[in-house]
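Structure, as structure tokens:
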Number of protein chains: 2
Amino acid sequence: MRALWSDMVNAKTPDGDRRLRMDDVAELAGVSQMTVSRALRTPEKVAPETRARIEAAMAQLDYVPDLVAGSLAARRSGLIAAVVSTFENAIFAPTIAGLTEAAEAAGFTILLGSSGYSETDEERLLRAILGRRPDGVMLTDAFHTPRARRLLAAAGVPIVETWDLPAEPVDMVVGFSNVDAGRAMTLALHGFGYRRIAFVAPSSERDRRGLKRLDGYRRAMDDLGAPRREIRLHGPVATLEEGAAALVALLDQHPEADAVACSVDTLAAGALFEARRRGIDVPGRLGIAGFGDFALAQPAGLDMTTMRIAGRNIGAEAGAMLVKRIAGETPEQAVFDIGYEVVRRSSA
Amino acid sequence: MRALWSDMVNAKTPDGDRRLRMDDVAELAGVSQMTVSRALRTPEKVAPETRARIEAAMAQLDYVPDLVAGSLAARRSGLIAAVVSTFENAIFAPTIAGLTEAAEAAGFTILLGSSGYSETDEERLLRAILGRRPDGVMLTDAFHTPRARRLLAAAGVPIVETWDLPAEPVDMVVGFSNVDAGRAMTLALHGFGYRRIAFVAPSSERDRRGLKRLDGYRRAMDDLGAPRREIRLHGPVATLEEGAAALVALLDQHPEADAVACSVDTLAAGALFEARRRGIDVPGRLGIAGFGDFALAQPAGLDMTTMRIAGRNIGAEAGAMLVKRIAGETPEQAVFDIGYEVVRRSSA
DNA sequence: GTGCGACATGTTTGCGCAATCATCGTCATC
DNA sequence: GATGACGATGATTGCGCAAACATGTCGCAC
């Protein structure tokens, strides 16, 4: 499977019959190619009878306009790119769903990119994406290399970063303050009566959002005058297994802790699961809180106290802002704070 | 938000500076545009020193080649389209992840389309997708109108249908027999000792796969000489709520049933929750089985007996087959049966 | 030294469409 | 009835690149 794109340049298509062009439609309808183009893009500028003839011709031929050629000529692609780091990330689905809905309603198509976790992949992906000349770009994970940021900025298209409020946004933002949210969860746990609150956070620098939530936890604990109890992950990715391991580490290193907040639901679910296996009373002996209110946990009965983020709205709002900017308008605000909400269930 | 693509045709870009072309790189490197093109696509055909100059020039300018123009000239887009009905469908994430991995490794980019559930959307989507001239198409939900099938066939690109083995495939297939799998699950429940087995199935004709599983159930029950006990959904989409409602209907209409298989995990999860709420002993009083082994249930402790389908492999295999065909090769088999596997856990 | 082939690079052309400008009525106005 | 405004359509051109072909240059065999 080392077949690369470049190796295929000379592959012949078996079918000899030429693909249909606008000229074919035009000839059948008895008009010029330009009029067919107009009938498609600005139908109100074509006389009704002419338009009817053209539409009949297109239907008869099953003509599908070549949007590649159209994009080149019009210098707009009708594409909105969505870039995520991985599909394992639960952020992904609802946010992409919201974006897709908004984008498709305005006639755009989604170009999907996953950057993986390596920095070399990052630039490859970015070239693959920006080379398609998308009219807008939504990022759920920021790019890290300076060159990547430069390329993004130089692309000259609207960009929305999401799921955070970066200090120096590339362009627009739809997100929330992860620091504030981490702080809010910690204070909420305190409000529930917990006094020896711990936090499970990533160790990877790449999970900047998780680290920001940790930062919020630290500030809250400092404000409360309480000592910090931190458990850091081993691996780069927050998994259920990492969550289970974190619970074990917590019981070992901070046995006195009476509550633990996790930087993301996945970890909290793993911790809850491990607590069940060990017969630990949740929330009696230990309160457990997650972050994100991802779909997997709640309907499945984990009934987890967590921080709800309106992921689908983030995508929808990002899409709306992009569409607006592509249309030449200026959104009222370049930074949209979507907020967060502590959802108390039975785990803490 | 009724800004449509066509309304934006005349929107001006604010920045006046022209975008970089290959000519700019060529000039800086002291070569012709064609040599730059070669350096990008077939670097081995360019002398090492020349290549170095060109690469330096590209790096200096932060040049990103225009793949739209390239696609038009080369008559290959480097795009692989993935079409799903909705993002709510649990099929989606792992299959797309597998596809993306295979496609990106071979230098392709993913074009994403969601068809929604309406037939009018179908054709709009198909035009939006096929108009981009993808080099291959993966479908997780087949198109239903005759015209849609005609357009697909006429596109002249490799197509993979997935998650089923259709009787009349458009082109290639990566999937499994939903009839056999439904039958296998029923027989497995029988093997577990259940004798009065019911089945929860969709009512919508659009969920052909669910209906095929129902068909498999029927065949199994007929073979066993056992009477059928069927519960059909009300709505078009299989949700947790539908699953809960189905359990209620089952208790009402077939109180003697000792096991129930659901056409999809989502329904089974809903049924399991409802059973918990009602204090019904699972699996003692009633065995419950799902279908799909979707990520939602297991980590949350539902511990559901289900039919495992390797969704990620489906995507990966589909991607591999597409890449192969795009390269001009012929895969050994146009139909790849990925199989299924009964996973017995504690719910049945 | 001549010829020939392999390699490196350049020139020309066209992919299919949309922007732009030109053209040709038609109709209301005075 | 001449004038201009406007609506409908057509002709030309170029978007940025890659295919196809042309040219140049070198080395090596005889």
Side-chain angles (χ1 to χ4, degrees), chain A residues 5-13 18-27 29-54 58 61 63-78 127 130-133 135 156, chain B residues 5-13 18-27 29-54 58 61 63-78 127 130-133 135 156:
Chain A
W5 199 49
S6 49
D7 299 338
M8 305 167 197
V9 167
N10 293 316
K12 303 291 179 202
T13 48
R18 197 176 45 72
R19 209 190 283 260
L20 289 170
R21 293 169 306 177
M22 275 196 185
D23 293 295
D24 302 309
V25 177
E27 191 178 3
V31 296
S32 73
Q33 174 259 314
M34 198 57 232
T35 302
V36 177
S37 174
R38 261 192 288 264
L40 279 166
R41 293 173 303 111
T42 52
E44 72 282 2
K45 291 189 177 175
V46 176
E49 316 84 64
T50 313
R51 195 161 73 222
R53 280 212 317 281
I54 292 172
M58 292 199 294
L61 296 174
Y63 170 68
V64 177
D66 188 325
L67 301 179
V68 173
S71 298
L72 181 61
R75 277 170 290 258
R76 19 191 349 282
S77 65
R127 294 176 167 281
L130 294 182
R132 304 282 167 189
R133 299 296 184 253
D135 296 329
Chain B
W5 198 48
S6 48
D7 298 338
M8 304 167 197
V9 168
N10 293 316
K12 303 291 179 203
T13 48
R18 197 176 46 71
R19 208 190 284 259
L20 290 170
R21 292 168 309 177
M22 274 194 185
D23 295 293
D24 302 308
V25 177
E27 191 178 3
V31 295
S32 72
Q33 173 257 316
M34 197 59 231
T35 303
V36 177
S37 173
R38 261 192 288 261
L40 279 166
R41 293 173 303 109
T42 52
E44 73 282 0
K45 291 191 177 174
V46 175
E49 315 85 64
T50 314
R51 195 161 72 220
R53 282 212 317 281
I54 293 173
M58 292 200 293
L61 297 174
Y63 171 69
V64 177
D66 188 326
L67 301 179
V68 174
S71 298
L72 182 61
R75 276 171 288 261
R76 19 191 350 283
S77 64
R127 294 176 167 282
L130 293 182
R132 305 282 168 190
R133 300 294 184 254
D135 296 330

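Here is the naming used below: chain letters follow the sequence lines, and residue numbers restart at 1 for every chain.
Formation of a donor-acceptor pair under 3.5 Å by the A:R76 side chain with backbone atoms of A:R133 is not found in this model. The backbone N or O of A:P43 lies less than 3.5 Å from a partner atom in the side chain of A:R51, making a donor-acceptor pair. Without hydrogens or angle criteria, B:R53 side chain to B:A29 main chain gives a donor-acceptor distance under 3.5 Å.
One finds a side-chain N or O of A:Y63 lying less than 4.0 angstrom from the OP1 or OP2 phosphate oxygen of C:dC17. Within the 4.0 Å cut-off from OP1 or OP2 of D:dA18, at least one side-chain nitrogen or oxygen of B:S37 is found. Between A:T35 and D:dT9, a side-chain N or O to OP1/OP2 separation shorter than 4.0 Å is absent. A close approach under 4.0 Å does occur between a side-chain nitrogen or oxygen of A:T50 and OP1 or OP2 of D:dT9.
Distance CZ (A:R51) to C1' (D:dT9): 15 Å, rounded to an integer number of Å. In this structure, NZ of B:K45 is placed 13 Å from C1' of C:dA6, rounded to the nearest angstrom. Computed from coordinates, the A:D23 CG to C:dG16 P distance equals 9 Å when rounded to whole Å. Atom pair A:E49:CD and D:dA8:C1' shows a separation of 11 Å (rounding to whole Å applied). Atom-to-atom, CE of A:M22 to P of D:dT9 comes out at 16 Å; the value is rounded to the nearest Å. Across the protein-nucleic acid pair, B:D66 atom CG and D:dA18 atom C1' stand 13 Å apart, rounded to whole Å. Across the protein-nucleic acid pair, A:R132 atom CZ and D:dC15 atom P stand 21 Å apart, rounded to whole Å. Atom CD in A:E27 sits roughly 17 Å away from atom C1' in D:dT9 (whole-Å rounding).
With sequence neighbours left out, A:T50 forms a side-chain hydrogen bond (donor to acceptor under 3.5 Å, both in side chains) with no residue at all. When the side chain to side chain contact (heavy atoms under 4.5 Å, CB included) test is applied to A:A69, the partners found at least two apart in sequence or on another chain are A:D66, B:L72. Under the rule for a salt bridge (Lys or Arg N to Asp or Glu O under 4.0 Å), A:R75 has no partner lying at least two apart in sequence or in another chain.
Side-chain contact between B:R132 and B:S71 is absent, with no heavy-atom pair separated by less than 4.5 Å. Counting only heavy atoms from C-beta outward, the side chains of A:E27 and A:D23 never approach each other to under 4.5 Å. B:S32 places a side-chain heavy atom less than 4.5 Å from the side chain of B:T35. Side-chain contact check for A:V25 versus A:L20: every heavy-atom pair is 4.5 Å or farther apart.
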Enumerate all atom pairs, one protein N or O and one N or O from nucleotides 23-26 of chain C, separated by less than 3.5 Å.
none

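Residue contacts shown for A:V31 are limited to sugar-phosphate atoms, with no base heavy atom under 4.0 Å away. Contact annotation for B:M34: base contact, defined as any heavy-atom pair under 4.0 Å involving a base atom.
For B:L72, the listed nucleotide lying nearest its side chain is C:dC15; candidates were C:dC15, D:dC17, C:dT9. Side chain of B:R41, nearest nucleotide from D:dA19, C:dG16, C:dA18: D:dA19.
Taking the nucleotide of DNA chain C with the nearest heavy atom to each of B:R53 and B:A73, the more 5' of the two is matched to B:R53. Residue B:Q33 is the one, among B:Q33 and B:R133, whose nearest nucleotide of DNA chain C lies closer to the 5' end (criterion: closest heavy atom).
Taking only distance into account, the side chain of A:R38 meets the base of D:dG10 through a donor-acceptor pair shorter than 3.5 Å.
Overall bending of the helix from C:dG1-D:dC30 to C:dC30-D:dG1, expressed as the angle between end axes built from five pairs apiece, is 40° (10° steps).
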